[in-house]
Amino acid sequence: MGLAVLALPTILIGLDMSVLHLAAPKLSESLRPSSAQLLWIVDIYGFLVASFLATMGTLGDRIGRRKLLLIGAAAFAAASLLAAYATGAAMLIAARALLGIAGATLMPSTLSLISNIFRDPNQRRFAIAVWMTNFSVGGMIGPLVGGVLLEHFWWGSVFLVGVPVGVILLIVGPVLLPEYRDPQPGRLDPLSVLLSIVTVLPVVYGFKQVAQDGVRATSLLAVALGVVFAGVFVRRQLRITNPMLDLRLFSRPGFSGALGGQTMGLFVVTGTQFLVLQYFQLVLGLSPLAAGLWALPAMVAGVVGTLLAPAAAAKLHPGGVMAGGFALAVPGLLLISLAGPVSGFALTVIGFAVLSFGVQAALALTNDVIISSAPPERAGNASGVGETGAELGNALGVAAFGSVATAFYGARMIGDALPDGVRPDLADLARSSLAGATEAASRLPDAVGDELLATARAAFTRGMHASALCGIGILVLLTLASLNLARRSPDGAAATAKDFTVTEPDKTARQDKVNGDPSVEAGSGRQVRSGRHSD
């Protein structure tokens, strides 16, 4: 029952991301954001989640993981209301930023609670697979729910689905979830929190500006500033007594390999989904509901891959299973790269499904590696690090693939590429985005508008092809890295907590947990030293 409750936030996160991708065209028509603003609307949530996840993981260890989960659920519901009734692009970006901060409280809490509730490795692996599946479930029902809402209501209605989920969690969470916290938590370091934020956001800003305006001094300065802050952040974590990010985790090859695979795998899947849903609607002319329905095969394939991977890993090396998943995803992106602006529907549907199956099968194993790499009392910190990589992969995937597509689109919408008879103001609108070209075409005579729209659709499709080819290169590297991980760790890819001081609850503590005594903490009991690291 506790696992069922913990599934609610994961469903909510998956649903929120997929419905936003689906709502992007109508949102663009209503609020008329620039191409950079549209990317910020989609990205700011993930970037702030990534910035605050490590902080929230540590905070959950300190104040209690259930308490933080419930606080986050209430904040997420309130921010969803603000986003639904946003009156401009800037207001929606701000609301999405608040959603990101609230969302950062949910994921470390759920994953760390799973690690504490399910102590048997096989049960934990299965529970994590179920937990991961619910991301796909959220992504699966998101297009359906979002498609129905967009057919009958305004674009903001897609955000309202987060409100009842948050309310349900607030009602049943205190009843069904036990409380866990570190009995000896370290102090939260505000400077580390600030450094984690100023590390991520300048790099993202610079990356977006390069895609929109080309290489300029301001964009390069922003990226350089983020890199400098990253160095300061790492240096501080190595020097302070209670670091926000436990860098010892990265000494395990399994943990580092799993974190990199998770981040870059989601980078490819999320970026591809963002472009495919726009391709369905703006290039092929499908309605939001139809686009959502045809995204379902990929969601189902992802669920199947997630559930099959733990069984395969029980018989084969986890690194080999991960490598097989990433390799299988390559043909999926290859099919997408062959889709055309007129005919390409079947190739895109099949290719996206193959991509989702392969990558999700690999990612089903990375979470168990990450969460099993730390002792129970530090599960919040480990899950925060893992989810930071995941959310950063999600956000950067949309930013990178969207920016590549935007750059290719803009490069093909200049000069003689546009038909004669297009006014300068409409030409500028058409160059901003495919949604802008659709609006500009509606203001032109039919013949000129059709020609402009055909040019814009071809330009967008070429941008999608370029992004798919970039994704293929990343998947090939992930395949090789996973094979190397299998070679380096013949006993299995999963890192364990043996390099740390592990807290083993005594019999009385375990019995109190069963009896639901929230005053007993996960870390109570005797200390077992089994490795070179100790607290």
Partner residues of [X] under the side-chain hydrogen bond (donor to acceptor under 3.5 Å, both in side chains) criterion, sequence neighbours left out:
| X | value |
| --- | --- |
| Q278 | none |
| S80 | none |
| S482 | none |
| R236 | D189 |

Sub-3.5 Å donor-acceptor pair from the side chain of R96 to the main-chain atoms of I41, do we have one?
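Looks like yes, one N/O pair under 3.5 Å.
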Sidechain-backbone polar pair: T263 side chain, G260 backbone, donor-acceptor under 3.5 Å
no
About how many Å separate [atom2] of [Y] and [atom1] of [X], when rounded to the nearest 0.5 Å?
| X | Y | atom1 | atom2 | result |
| --- | --- | --- | --- | --- |
| N134 | T10 | CG | OG1 | 4.0 Å |
| I11 | W131 | CD1 | CH2 | 12.5 Å |
| L355 | Q360 | CG | CD | 9.0 Å |
| I93 | I44 | CD1 | CD1 | 7.5 Å |
| L169 | L8 | CG | CG | 6.0 Å |
| I240 | R235 | CD1 | CZ | 13.0 Å |

Search all heavy atoms of [X] against all heavy atoms of [Y] and return the closest pair with its distance.
| X | Y | value |
| --- | --- | --- |
| G156 | A84 | O-CB, 3.2 Å |
| Q262 | L363 | CA-CD2, 3.5 Å |
| L277 | A291 | CD2-O, 4.0 Å |
| F76 | L99 | O-CD2, 3.5 Å |
| S192 | Q237 | OG-NE2, 2.8 Å |
| A298 | S356 | O-OG, 2.8 Å |

Does the pair L106 and L68 meet the rule for a side-chain contact (heavy atoms from CB on, under 4.5 Å), with working shown?
CA-CA 8 Å; L106 303 179; L68 183 65; over 6 Å; no
With a 4.5 Å cut-off on side-chain heavy atoms, are [Y] and [X] touching?
| X | Y | answer |
| --- | --- | --- |
| P310 | F126 | no |
| L478 | V359 | no |
| T105 | L69 | no |
| T366 | L259 | no |

Sequence-distant partners of F274, ring-ring contact (aromatic ring centres under 6.0 Å, His included), two or more places apart:
H21
Identify, with sequence neighbours excluded, every residue that meets ring-ring contact (aromatic ring centres under 6.0 Å, His included) alongside F267.
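For F267, the residues satisfying ring-ring contact (aromatic ring centres under 6.0 Å, His included) (neighbours in sequence not counted) are F401.
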Take L296 and L293 through the side-chain contact (heavy atoms from CB on, under 4.5 Å) test and state the conclusion after the steps.
CA-CA 5 Å; L296 275 180; L293 288 172; 4.2 Å; yes
Kindly indicate, with the supporting measurements, whether the criterion side-chain contact (heavy atoms from CB on, under 4.5 Å) is fulfilled by F326 and V321.
CA-CA 9 Å; F326 289 133; V321 176; over 6 Å; no
Please list, chain by chain and in numerical order, all residues satisfying side-chain contact (heavy atoms from CB on, under 4.5 Å) with [X], sequence neighbours excluded.
| X | answer |
| --- | --- |
| A230 | T199 |
| A127 | L3, I114, F118 |
| V161 | L15, V145, L149 |
| I101 | L48, F52, M56 |

